[in-house]
Peer 1: 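Take this structure, written in structure tokens, and hold onto it; I'll ask about it next.
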Amino acid sequence: NKESGISCFRLRVVKRKWLKTMSHQSADPESERIELKPADIRRASMDLLARREHSRLELLNKLQIRFRKRLNGDVDEAGIEAIQCQIDRLTDEGLQSDYRLAGSVIRSRSNKGHGPVKIGGELRQKGLNDAVITAAFLEENIDWFEKAREVSQRKFGLGLPGNSAERAKRGRFLQQRGFSWDQIQSI
């Protein structure tokens with residue numbers, strides 16, 4: 001500010017020194033800990049769910065990471081309980097659903113040409129139990145034999161494999177895509 005005679009450079013130096021002194025004043029990290037408020041947890045959860053579906057485990061992990069940064073350390077047992085309580089509330093309100101996530105992932109991945117083995121593994125990594133995964137697969141009602149045939153035709157064309165080496169190549173490709181042995185053999 002030229003009117004007061006203080007340059008911008010001088011203001012930055014003063015601000016930097018003030019920030020350094022403030023950071024060294026509190027020797028007790030417990031005194032700086034911020035309390036986890038249910039409203040903050042809910043807001044953060046809603047922010048995550050607004051972008052895409054999340055499983056309960058994914059939400060718990062992401063919220064712990066987010067609040068670990070705000071709390072200058074680790075989230076304690078009370079914080080984890082508060083996060084789980086808010087996730088339970090969101091589930092009860094229908095805003096978070098493992099079943100809806102499973103259906104969404106199955107549709108998305110099957111449209112990309114992935115098979116049920118690979119999709120099931122991905123859902124297990126997201127923390128979904130086998131009952132939810134099985135129910136979602138049954139609900140989607142996808143003909144995986146037909147899907148394997150489509151993926152094979154898209155990659156290799158309509159012709160049948162000429163020899164055993166070409167048949168093995170197709171089999172390896174479909175296996176990497178997550179199709180079962182029965183589905184691969186049906187082609």
Side-chain angles (χ1 to χ4, degrees), residues 29-30 33-152 154-155 171-186:
E30 290 298 318
R33 285 185 73 92
I34 301 168
E35 186 177 322
L36 276 181
K37 296 177 187 164
D40 293 338
I41 297 170
R42 185 175 176 85
R43 188 175 310 111
S45 301
M46 296 293 287
D47 287 346
L48 291 170
L49 288 170
R51 292 184 187 101
R52 70 169 180 87
E53 291 285 344
H54 287 75
S55 70
R56 293 177 62 81
L57 181 65
E58 286 178 313
L59 262 181
L60 178 65
N61 290 339
K62 287 184 178 186
L63 290 171
Q64 282 181 350
I65 291 169
R66 181 174 288 191
F67 288 112
R68 184 177 300 141
K69 291 176 184 174
R70 279 187 49 193
L71 296 174
N72 298 327
D74 206 9
V75 179
D76 58 359
E77 288 297 319
I80 292 173
E81 279 186 32
I83 292 171
Q84 287 176 337
C85 179
Q86 288 302 313
I87 293 173
D88 289 340
R89 225 175 115 199
L90 291 169
T91 302
D92 292 342
E93 294 171 3
L95 298 172
Q96 186 280 328
S97 170
D98 285 349
Y99 183 75
R100 197 170 51 229
L101 169 72
S104 173
V105 169
I106 290 169
R107 278 188 304 279
S108 169
R109 300 305 185 268
S110 68
N111 288 336
K112 290 181 179 179
H114 296 284
V117 176
K118 187 171 187 173
I119 296 170
E122 183 179 347
L123 291 172
R124 280 184 207 86
Q125 281 184 331
K126 291 180 179 287
L128 301 183
N129 63 32
D130 287 335
V132 171
I133 294 170
T134 302
F137 271 117
L138 291 174
E139 178 73 23
E140 292 304 318
N141 199 21
I142 297 171
D143 183 1
W144 294 106
F145 292 94
E146 181 60 32
K147 186 63 76 173
R149 195 171 295 110
E150 288 173 14
V151 171
S152 177
R154 203 172 25 205
K155 174 77 174 176
R172 282 190 306 273
F173 172 75
L174 291 171
Q175 192 174 20
Q176 287 176 331
R177 297 292 273 210
F179 290 97
S180 70
W181 184 248
D182 292 338
Q183 294 158 354
I184 294 169
Q185 290 297 311
S186 71

Peer 1: Answer yes or no: is there a side-chain heavy-atom contact under 4.5 Å between Leu101 and Val132?
Peer 2: no
Peer 1: Taking all non-hydrogen atoms of both residues, which atom of Leu48 and which atom of Leu59 are closest, and how far apart?
Peer 2: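 Smallest interatomic distance, heavy atoms only, reads CD1-CD2, 3.8 Å.
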Peer 1: List the atom of Trp144, the atom of Ser110, and the distance in Å for their closest heavy-atom pair.
Peer 2: CH2-CB, 3.6 Å
Peer 1: State whether Lys126 and Asp98 are salt-bridged, where the test is any N-O pair (Lys NZ or Arg NE/NH1/NH2 against Asp/Glu carboxylate O) under 4.0 Å.
Peer 2: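 So Lys126 does not pair with Asp98 through a salt bridge.
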Peer 1: Looking at Arg43 and Asp40, does any basic side-chain N land under 4.0 Å from a carboxylate oxygen?
Peer 2: yes
Peer 1: Under 4.5 Å between any side-chain heavy atoms of Ile106 and Leu123, yes or no?
Peer 2: yes
Peer 1: Do Pro116 and Gln183 touch side chain to side chain, with heavy atoms closer than 4.5 Å?
Peer 2: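 In short, these two side chains touch, coming nearer than 4.5 Å.
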Peer 1: Nearest 0.5 Å please: distance from the CZ atom of Phe137 over to the CD1 atom of Ile142.
Peer 2: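 Taking CZ in Phe137 and CD1 in Ile142, the distance rounds to 7.5 Å.
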Peer 1: Of all the heavy-atom pairs spanning Phe173 and Val151, show the shortest one and how long it is.
Peer 2: CE2-CG1, 3.6 Å
Peer 1: At their closest point, which heavy atom of Ala44 faces which heavy atom of Phe67, and how far apart are they?
Peer 2: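 Nearest pair, atom of Ala44 first, then Phe67: CB-CZ, 4.0 Å.
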Peer 1: For the backbone of Arg100 and the side chain of Ser104, can you confirm whether one donor and one acceptor N or O come within less than 3.5 Å of each other?
Peer 2: no
Peer 1: Just wondering, do Arg52 and Glu58 contact through their side chains at under 4.5 Å, heavy atoms?
Peer 2: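 Yes, side chains in contact.
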Peer 1: Under 3.5 Å, is there a donor-acceptor pair between the side chain of Ser152 and the main chain of Arg149?
Peer 2: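 Side chain of Ser152 to backbone of Arg149, a donor-acceptor pair under 3.5 Å: no, none is there.
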Peer 1: Before accepting this row, confirm whether a basic side-chain N of the pair Arg154/Glu150 lies closer than 4.0 Å to the acidic partner's carboxylate O.
Peer 2: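 No, no charged N to carboxylate O under 4.0 Å.
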Peer 1: Under the side chain to side chain contact (heavy atoms under 4.5 Å, CB included) rule, what do Asn111 and Lys147 come out as? Steps first, then yes or no, please.
Peer 2: CA-CA 9 Å; Asn111 288 336; Lys147 186 63 76 173; 4.2 Å; yes
Peer 1: Mind checking the CZ-NZ spacing from Arg177 to Lys155? Nearest 0.5 Å is all I need.
Peer 2: 8.5 Å
Peer 1: May I ask you to test the Arg109-Lys118 pair for a side-chain heavy-atom distance under 4.5 Å?
Peer 2: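 No, side chains not in contact.
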Peer 1: What closest approach, in Å, do Ile87 and Arg56 show between heavy atoms, and which atom pair accounts for it?
Peer 2: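 In terms of heavy atoms, the two residues are closest at CG2-NH1, 3.5 Å.
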Peer 1: Taking all non-hydrogen atoms of both residues into account, name the closest pair between Leu57 and Gly127 and its distance.
Peer 2: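 For Leu57 versus Gly127, the nearest heavy atoms are CD2-CA, 3.7 Å.
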Peer 1: Could you walk me through whether Gln64 and Asn61 pass the side chain to side chain contact (heavy atoms under 4.5 Å, CB included) test, one step at a time?
Peer 2: CA-CA 5 Å; Gln64 282 181 350; Asn61 290 339; 4.3 Å; yes
Peer 1: Can you tell me how far the SG atom of Cys85 sits from the CD1 atom of Ile80, to the nearest 0.5 Å?
Peer 2: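 So the SG of Cys85 and the CD1 of Ile80 are separated by 14.0 Å.
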Peer 1: Using a 3.5 Å distance criterion without hydrogens, assess whether the side chain of Gln96 forms a donor-acceptor pair with backbone atoms of His54.
Peer 2: yes
Peer 1: Between Arg66 and Asp47, is any pair of side-chain heavy atoms under 4.5 Å apart?
Peer 2: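 Answer yes - side chains close enough.
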Peer 1: Are the side chains of Ile133 and Arg124 in contact, using a 4.5 Å heavy-atom criterion?
Peer 2: yes
Peer 1: How long is the straight-line distance from OG1 of Thr91 back to CD of Gln86, given to the nearest 0.5 Å?
Peer 2: 11.0 Å
Peer 1: Report the distance from atom NZ of Lys62 to atom OG of Ser55, rounding to the nearest 0.5 Å.
Peer 2: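 Result: 9.0 Å between the selected atoms.
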Peer 1: CD1/Ile119 to CZ/Phe179 distance, rounded to the nearest 0.5 angstrom?
Peer 2: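 Rounded to the nearest 0.5 Å, the CD1-CZ separation comes out at 7.5 Å.
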Peer 1: Let's go through Met46 and Leu95 carefully: what are the C-alpha distance in whole Å and the side-chain angles of both, what is the deciding distance for side chain to side chain contact (heavy atoms under 4.5 Å, CB included) to 0.1 Å, and is it a yes or a no?
Peer 2: CA-CA 8 Å; Met46 296 293 287; Leu95 298 172; 3.8 Å; yes
